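Below is one structure, written out as structure tokens, with a few remarks after it.
Just so you know, these numbers use all the heavy atoms, side chains as well, and skip hydrogens, waters and symmetry mates. Predicted, not measured: the structure shown is a model, and the values here were computed from it. Protein chains get the first letters and strands the later ones, always in sequence-line order, with residue 1 at the start of each.
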There are 2 protein chains.
Amino acid sequence: MDELIKDFSKPKMSYDALLDEFKEILRKNGLKYTKQRELILKALYQNSGHFSPEVLYQLVQEEDPDMNIGIATVYRTLGLLEDEGLVSSLSFGSQGKKYELGTKEHHDHIICERCGKIVEFCDEEIEHKQETIAQSLGFSMTDHSMKIYGICPECRKETNT
Amino acid sequence: MDELIKDFSKPKMSYDALLDEFKEILRKNGLKYTKQRELILKALYQNSGHFSPEVLYQLVQEEDPDMNIGIATVYRTLGLLEDEGLVSSLSFGSQGKKYELGTKEHHDHIICERCGKIVEFCDEEIEHKQETIAQSLGFSMTDHSMKIYGICPECRKETNT
DNA sequence: CTTATTGCAAACGTTTTGCACGTTT
DNA sequence: AAACGTGCAAAACGTTTGCAATAAG
């Protein structure tokens with residue numbers, strides 16, 4: 001069960017390496033390197049976790065209150081980063097999406113229905129099984145997501161559930 | 001691998017039995033049985049598949065053009081049916097949710113990224129593993145969802161992917 | 001006759017877009 | 001100088017809500 005308790009919170013890349021990769025992607029696509037884009041990337045790196053665009057927008061504003069960054073830029077940059085595989089998103093129905101830096105190892109999520117806490121884990125057996133399932137149904141797999149919902153240890157204590 | 005090729009498209013209940021269950025739920029909760037609610041349930045039963053509220057709204061209108069059913073009623077009824085466990089929903093980020101009748105056995109979904117087709121499957125091993133994972137992280141599991149994305153056999157043929 | 005339900009339209013929160021202006025290359 | 005990116009405000013989108021009228025129990 002050791003595989004589950006690995007620490008998925010640490011990006012496997014230094015910030016400089018990440019920034020270089022981002023710049024390279026921008027160059028390759030004829031896009032421009034801007035202060036706004038860097039601020040957003042940095043905010044994702046520094047506060048590792050899962051953020052809604054709105055929350056990320058607030059983080060970026062706090063980080064640099066002088067720069068009057070717009071929320072549209074946050075959305076546009078998150079879209080760009082996701083398209084290029086630098087961030088990944090988790091859907092929460094009509095409550096929108098949350099984004100996290102995608103420079104960590106692949107993992108799935110377990111979400112507390114009471115406090116919203118998100119814990120990451122990875123199970124090799126399931127990972128492998130998913131590929132097998134896709135193949136046996138004639139699909140070529142491009143992606144997958146697994147979410148477990150439950151009540152986290154802390155919230156269980158509060159109401160002995 | 002036989003477990004995968006089971007046919008999940010057939011509701012395990014007759015429409016009459018389903019309707020009876022629905023009426024029983026309504027009675028138990030002091031709610032009322034209305035023509036609109038039945039129309040929506042029937043549309044879900046007859047067109048087994050995964051529908052957005054908007055599409056379901058259209059189906060219901062076609063089924064009975066005289067009754068001027070409102071989309072708010074579709075939302076309200078879907079919410080009610082989901083709360084009572086008669087339907088379940090699949091989230092598609094900011095693109096909303098799709099609903100299906102939940103009177104079938106538990107299953108997961110594989111979704112074609114090109115044509116949107118949804119195929120259902122179930123893998124006992126993964127089902128069991130999810131419970132184990134939740135426990136080992138101290139969570140009590142309340143729900144889970146697994147989505148595999150890929151390209152379906154038909155779409156692969158079209159572009160030999 | 002009481003209470004829940006309906007359709008409508010307005011409100012809501014999130015995400016996208018058009019545009020004139022700014023910045024990067 | 002050319003092309004892309006920005007902030008802003010407006011629009012779009014899916015969903016929810018307040019309300020007066022209606023239907024079910």
All side-chain contact (heavy atoms from CB on, under 4.5 Å) counterparts of [X], not counting sequence neighbours:
| X | result |
| --- | --- |
| B/S88 | B/E100 |
| A/K98 | A/H50, A/F92, A/I118 |
| B/E113 | A/T142, B/Y149, B/I151 |
| B/D83 | none |

Next item on the list: Taking only the side-chain nitrogens and oxygens of B/Y33, find out if one of them lies under 4.0 Å from OP1 or OP2 of D/dA24.
Entry: no
Checklist line | Short side-chain N/O contact from B/N68 to OP1 or OP2 of C/dC8, under 4.0 Å | finding: yes
Can you check the [X] [atom1] to [N] [atom2] distance for me, whole Å?
| X | N | atom1 | atom2 | value |
| --- | --- | --- | --- | --- |
| A/F51 | C/dT14 | CZ | C1' | 19 Å |
| B/D64 | C/dT6 | CG | C1' | 15 Å |
| A/I25 | D/dG5 | CD1 | C1' | 18 Å |
| A/L31 | D/dT6 | CG | P | 10 Å |
| A/Y57 | C/dG13 | OH | P | 16 Å |
| A/I69 | D/dA9 | CD1 | P | 16 Å |
| A/Y75 | D/dT6 | OH | C1' | 17 Å |
| B/E82 | D/dT15 | CD | C1' | 13 Å |

Item checked: With A/E154 via salt bridge (charged side-chain N to carboxylate O under 4.0 Å, His left out) - residues at least two apart -> A/K117
Note to self: Just to verify, what does A/E24 make a salt bridge (charged side-chain N to carboxylate O under 4.0 Å, His left out) with, not counting sequence neighbours?
What the structure shows: A/R27
Pairwise N/O distances under 3.5 Å, protein to nucleotides 17-23 of chain C:
none

Check: If you pin B/I71 and B/K35 to their nearest nucleotides in DNA chain D, which one's is more 5'?
Finding: B/I71
Next item on the list: Find which nucleotide of DNA chain D each of B/Y99 and A/T77 is nearest to by heavy atoms, and output the residue with the more 5' nucleotide.
Entry: A/T77
Next item on the list: Please collect all side chain to side chain donor-acceptor pair (under 3.5 Å) contacts where either partner lies in residues 64-80 of chain B, sequence neighbours excluded, each pair once.
Entry: none
Next item on the list: Give every residue pair that meets the side chain to side chain donor-acceptor pair (under 3.5 Å) criterion with at least one member in residues 28-42 of chain B, sequence neighbours excluded.
Entry: B/Y15-B/E38, B/Y33-B/E38
Notebook entry, point to check: When all nucleic acid strands are considered with a 4.0 Å heavy-atom cut-off, which category describes A/E54: base, sugar-phosphate, or nothing?
Noted result: nothing
Margin query: Any non-hydrogen side-chain atom of B/I111 less than 4.5 Å from a side-chain atom of B/K147?
Written below: yes
Checklist line | Five-pair end axes of the helix from C/dC1-D/dG25 to C/dT25-D/dA1 and the angle they enclose, rounded to 10° | finding: 30°
Item checked: Qualifying ring pair (Phe, Tyr, Trp, His ring centres under 6.0 Å) pairs with a residue from residues 126-148 of chain B, counting only residues at least two apart or across chains -> B/H106-B/H144
Next item on the list: Just do the side-chain contact (heavy atoms from CB on, under 4.5 Å) check on B/I25 and B/L81 with the steps written out, would you?
Entry: CA-CA 10 Å; B/I25 286 171; B/L81 289 169; over 6 Å; no
Next item on the list: Mind running side-chain contact (heavy atoms from CB on, under 4.5 Å) on B/E127 and B/E131 for me, showing each step along the way?
Entry: CA-CA 7 Å; B/E127 293 300 313; B/E131 180 66 65; over 6 Å; no
Polar pairs (N or O, both sides) under 3.5 Å between protein and nucleotides 11-13 of chain D?
none

